[in-house]
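Here the structure is laid out as structure tokens; the discussion comes afterwards.
Start at 1 and go down the list; that is how both ligands and their atoms are numbered. By convention here, the first residue in the shown sequence is residue 1.
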Amino acid sequence: MMIGEGAEARIYLERMFGTEVIVKLRGRKAYRIREMDETMRRRRTRKEAGIMLAAAKAGVPVPEIIAVGTFSMYMEKLDGTLLKDTRITARHMASAGSALALLHSSNMVHGDYTPANIMSTKQGIRIIDFGLADTTMDVEQKAVDLLLMKRAVSRTTYASFESAYAKNSRNAGDVLRQLAELERRGRYQTRTMMG
Ligand SMILES: Nc1ncnc2c1ncn2[C@@H]1O[C@H](COP(=O)(O)OP(=O)(O)O)[C@@H](O)[C@H]1O
Ligand SMILES: [Mg+2]
């Protein structure tokens with residue numbers, strides 16, 4: 001059963017050996033040249049799964065990956081609510097901040113770190129949607145992860161996030177300086193739109 005459709009992928013809820021699993025499938029894009037389309041979908045699927053596995057190894061709370069196909073990824077079905085659909089607490093944000101610090105400390109960025117991609121479960125928060133994630137040491141890309149969160153939540157909520165991030169990240173100083181610089185420039189939006 002399809003439960004979601006984004007720009008890049010469809011999300012299905014399937015039953016496998018009596019257990020519910022989530023399948024994220026990158027379907028064909030008819031407007032792209034066939035061969036290029038397959039290469040892109042294959043590469044992005046591998047990259048998303050690879051980064052999720054590395055993130056899990058680094059201690060970032062992510063859903064467990066069950067299997068990876070050419071264009072699909074099977075993962076644990078989380079039982080919870082997205083932060084965007086719940087009352088966000090300081091505790092949620094502290095966990096989200098330290099999770100991001102762990103990710104960044106292992107040279108990965110999420111690319112879309114907002115309350116729409118963090119789920120609150122009984123066992124704590126889980127980070128999802130690594131479709132835009134990347135392996136990089138780039139301070140600006142790390143700062144963008146914080147900037148997107150800063151723009152998405154209230155000032156006080158963000159403060160809990162940032163202080164947990166700073167406490168748990170090795171080069172938080174550089175990242176926070178870069179964040180201030182991005183805000184000063186105030187033209188990040190257009191730059192990402194351009195790629
Ligand atoms: N492991 C999971 N468990 C439960 N729900 C999930 C899981 N992964 C994704 N979802 C649901 O599917 C939606 C879309 O998944 P996501 O990976 O964010 O893809 P998109 O790129 O379309 O945003 C999420 O907002 C969430 O509601
Ligand atoms: Mg998403």
Enumerated ligand 1 atoms positioned under 4.0 Å from heavy atoms of N117: 18 (O)

Within 6.0 angstrom of M16 CE, more than 12 heavy atoms from elsewhere: yes

E76, portion touching ligand 1 at heavy-atom distance under 4.0 Å: backbone

Could you identify the single nearest non-hydrogen protein atom to atom 19 (O) of ligand 1 and state the distance to 0.1 Å? K24 NZ, 3.3 Å

Do other residues, nucleotides or ligands put more than 12 heavy atoms under 6.0 Å from R42 CZ? yes

What is the name of the N/O/S atom of D129 that is nearest to the Mg ion (ligand 2)? OD2

Any nitrogen or oxygen of E48, side chain or backbone, less than 3.5 Å from one on ligand 1? no

The closest protein heavy-atom partner of atom 21 (O) of ligand 1 is D129 OD2, 3.2 Å

Just to confirm my output: which protein heavy-atom neighbour is closest to atom 3 (N) of ligand 1, and how far is it? L78 N, 2.8 Å

Among protein heavy atoms, which sits nearest to atom 15 (O) of ligand 1, and what does the distance come to when rounded to 0.1 Å? I11 CD1, 3.4 Å

Looking only at heavy atoms, is any part of M119 under 4.0 Å from ligand 1, and if so is it the side chain, the backbone, or both, or is it neither? side chain

Looking at F71, does the NZ or CZ of R41 lie under 6.0 angstrom from its six-membered ring centre and within 45 degrees of the ring axis? yes

Protein heavy atom at shortest distance from atom 26 (C) of ligand 1: I128 CD1, 3.9 Å

Which of the atoms of ligand 1 are close to K77, meaning less than 4.0 Å from one of its heavy atoms? 3 (N)

L146 with L132, same ILVMFWY side-chain cluster at under 4.5 Å: no

I need the nearest protein heavy-atom contact for atom 8 (N) of ligand 1: residue, atom name and distance, please. M75 CE, 3.7 Å

Mind running salt bridge (charged side-chain N to carboxylate O under 4.0 Å, His left out) on K150 and E183 for me, showing each step along the way? CA-CA 10 Å; K150 191 168 186 176; E183 288 185 293; 3.2 Å; yes

Please check if any side-chain donor atom of N117 sits under 3.5 Å from a side-chain acceptor atom of H110, or the reverse. no

Please confirm whether the backbone N or O of K29 pairs with a side-chain atom of D37, one donor and one acceptor, at under 3.5 Å? yes

Does E5 reach ligand 1, in the sense of a heavy atom lying below 4.0 Å from it? no

Should K24 and E8 be marked as a salt bridge (charged side-chain N to carboxylate O under 4.0 Å, His left out) after you check the CA-CA gap, both sets of side-chain angles, and the distance that decides it? CA-CA 10 Å; K24 187 165 181 173; E8 286 287 324; over 6 Å; no

Suppose we only count N/O/S atoms under 2.8 Å; would D112 qualify as near the Mg ion (ligand 2)? no

Would you say the side-chain atoms of H104 pair up with the backbone N or O of A101, donor to acceptor, closer than 3.5 Å? no

Enter the distance from Y12:OH to I22:CD1 here, rounded to the nearest 0.5 Å. 12.0 Å

Would you mind running through ligand 1 and noting each atom that sits below 4.0 Å from a heavy atom of P63? 1 (N)

Can you report which non-hydrogen protein atom sits closest to atom 27 (O) of ligand 1, along with the distance? L82 CD1, 3.9 Å

Identity and distance of the protein heavy atom lying nearest atom 22 (O) of ligand 1: G6 CA, 3.5 Å

Between CZ of F130 and CG of D112, what distance do you get to the nearest 0.5 Å? 11.0 Å

